[in-house]
There are 2 protein chains.
Amino acid sequence: MASAELSSILAALGRDATARVRRAIRPLGITAHQYLVLTQLADLGLTSQTALASALGLDPSNLATTISELVDRDLVDRCRDDADRRRYAVTLTAAGTKLLRKAHTAIAASESDLLTALDPGQQAQLHTLLRRIADGAELCPAAGDDACD
Amino acid sequence: MASAELSSILAALGRDATARVRRAIRPLGITAHQYLVLTQLADLGLTSQTALASALGLDPSNLATTISELVDRDLVDRCRDDADRRRYAVTLTAAGTKLLRKAHTAIAASESDLLTALDPGQQAQLHTLLRRIADGAELCPAAGDDACD
DNA sequence: TATTGTTATACTCTATAACTATA
DNA sequence: TATAGTTATAGAGTATAACAATA
């Protein structure tokens, strides 16, 4: 990775990070996609699937599948939005919240060796820079409407 | 991506970066994997497949497939290492070098909007931090032996 | 016995198009 | 006509195990 573009470095580190996440959460019985959705739901509270998809950079068609899996396992709740009945309103269940907490712990433990190369100040700096790119690039915040029940 | 671990942010940005690379090089008729291998070969000169695999963080079994595809298209050259005949010695061909140059150009053009969120100083900083992680984490440099012909 | 690389296979992820239903 | 979501499908990427050849 000697003289690569930013895209290539990000792609390589991203692949490594994804593999790390996958290994860490495998004992919990969820995939990386499922974990991503749970995390995003925890952040956004209640949202539509389109909002979720664009926030995560996933294709809506794939998100539909992932959410169905999570609903089947009672980790998320999906019901029609009364204000716009095309939409679904999606939220975490108590079980989903609980499992997500376990996942966070497992992942945090697994990334410690990633961070040993940086001192705390550098870690914070990196976090800030990455977030700035993520926010600026294409991840639209997307507002969650109300509804459900 | 409000309150996520470093792994999650890296995974998300990595996915985006991979998609960006894929779109950029699609007109050239190569996959992201193939591009990665070409890039790495340009950096390392002549190497074994094991060295390549560990440098890229790819599984050797998948690398075998990718390299075969590249050999079929005459973008890389693969022949047995005389010093250790288990090994292959892999290099870029002239055609591979040429195609790689086009790919670099296409990718550089496609990542400009990624970088608008950061000023030049921050871009350099980010590059440094990511490289430090990449070097420290698990990407072993791997020495390329001599051989071929 | 350990290492280099291959093949086969199963699973996950990505991307597209065609579709339903609501607006 | 446009938007939210679904289904189906094909292609790309990831992971594992079993194997051949060489060291």
Side-chain angles (χ1 to χ4, degrees), chain A residues 11-12 14-26 29-37 47-72 76 78-90 140 142-145 147, chain B residues 11-12 14-26 29-37 47-72 76 78-90 138 142-145 147:
Chain A
R15 246 179 323 115
D16 179 59
T18 302
R20 191 182 299 273
V21 167
R22 235 195 300 269
R23 273 194 300 273
I25 64 181
R26 178 181 300 169
I30 55 172
T31 65
H33 261 178
Q34 291 171 354
Y35 167 72
L36 278 175
V37 170
T47 28
S48 70
Q49 294 190 190
T50 306
L52 259 180
S54 85
L56 290 170
L58 296 181
D59 193 280
S61 70
N62 299 318
L63 189 63
T65 311
T66 303
I67 291 191
S68 295
E69 293 161 358
L70 292 171
V71 168
D72 289 346
V76 315
R78 170 174 57 180
C79 64
R80 289 287 174 187
D81 183 330
D82 285 330
D84 180 345
R85 299 195 48 73
R86 289 173 305 183
R87 245 181 241 179
Y88 275 116
V90 187
C140 324
D145 290 37
Chain B
R15 247 179 322 116
D16 180 59
T18 302
R20 190 182 301 273
V21 167
R22 235 195 300 267
R23 275 194 301 274
I25 64 181
R26 179 181 302 169
I30 54 171
T31 65
H33 261 177
Q34 291 170 355
Y35 167 73
L36 278 174
V37 170
T47 29
S48 69
Q49 295 190 190
T50 307
L52 259 181
S54 85
L56 289 170
L58 295 181
D59 193 279
S61 70
N62 300 317
L63 189 63
T65 311
T66 302
I67 291 190
S68 296
E69 293 160 358
L70 292 171
V71 169
D72 289 345
V76 315
R78 170 176 53 182
C79 64
R80 288 286 176 189
D81 183 330
D82 284 331
D84 180 344
R85 298 195 50 72
R86 290 172 304 181
R87 246 181 242 183
Y88 275 116
V90 186
E138 40 90 70
D145 291 37

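Each chain gets a letter, A, B and so on, in the order its sequence line appears, and its residues count up from 1.
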Under 3.5 Å between N/O atoms: give me all the protein pairs with nucleotides 17-23 of chain C, atom names plus distance.
from: dA23(C); atom 1: OP1; to: Arg85(A); atom 2: N; distance (Å): 3.0

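- Between dC13(C) and Arg22(A), a contact under 4.0 Å exists linking OP1 or OP2 to a side-chain N or O.
- Note: CZ (Arg23(A)) to C1' (dA15(D)) measures 10 Å, nearest angstrom.
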Using side-chain contact (heavy atoms from CB on, under 4.5 Å), reason through Ile67(B) and Leu52(B) one step at a time and then give a plain yes or no.
CA-CA 10 Å; Ile67(B) 291 190; Leu52(B) 259 181; 3.9 Å; yes
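- Distance, Tyr88(B) OH to dA23(D) P: 13 Å, rounded to whole Å.
- DNA chain D is contacted by both Arg26(A) and Leu63(A); Leu63(A) maps to the nucleotide lying nearer its 5′ end (nearest heavy atom per residue).
- With sequence neighbours left out, the ring-ring contact (aromatic ring centres under 6.0 Å, His included) criterion links Tyr35(B) to His104(B).
- Residues passing the side-chain contact (heavy atoms from CB on, under 4.5 Å) test with Ala24(B), sequence neighbours excluded: Ala106(B), Ile107(B), Ser110(B).
- Residues forming a side-chain contact (heavy atoms from CB on, under 4.5 Å) with Ala53(B) (at least two apart in sequence, or on another chain): Pro60(B), Leu63(B).
- Of the candidates dT6(D), dT14(C), dT6(C), dT6(C) carries the atom nearest the Arg78(B) side chain, counting heavy atoms from C-beta on.
- Of the possible polar contacts, one joining the Arg15(B) side chain to the Leu56(A) backbone as a donor-acceptor pair under 3.5 Å is found.
- The side-chain hydrogen bond (donor to acceptor under 3.5 Å, both in side chains) search around Arg86(B) returns Asp84(B), not counting sequence neighbours.
- Distance Asn62(A) CG to dA8(D) C1': 12 Å, rounded to the nearest Å.
- Remark on DNA chain D: of its neighbouring residues Ala64(A) and Ala32(B), the 5'-side contact belongs to Ala64(A), judged by nearest-heavy-atom nucleotide.
- The side chain of Thr18(B) places no N or O atom within less than 4.0 Å of a non-bridging phosphate oxygen (OP1 or OP2) of dT14(C).
- Remark: P of dG5(C) and CG of Leu52(B) are 9 Å apart, rounded to the nearest angstrom.
- Every residue two or more places apart in sequence or in another chain that forms a side-chain hydrogen bond (donor to acceptor under 3.5 Å, both in side chains) with Arg85(B) is listed here: Asp82(B).
- One atom, CG of Leu58(B), and another, C1' of dT6(C), lie 16 Å apart when rounded to the nearest Å.
- In this entry the distance linking NE2 of His33(B) with P of dG11(D) reads 17 Å, nearest Å.
- Rounded to an integer number of Å, the gap from Gln34(A) CD to dC13(C) C1' is 12 Å.
- Arg15(A) has its CZ atom 15 Å from the C1' atom of dT12(C), to the nearest Å.
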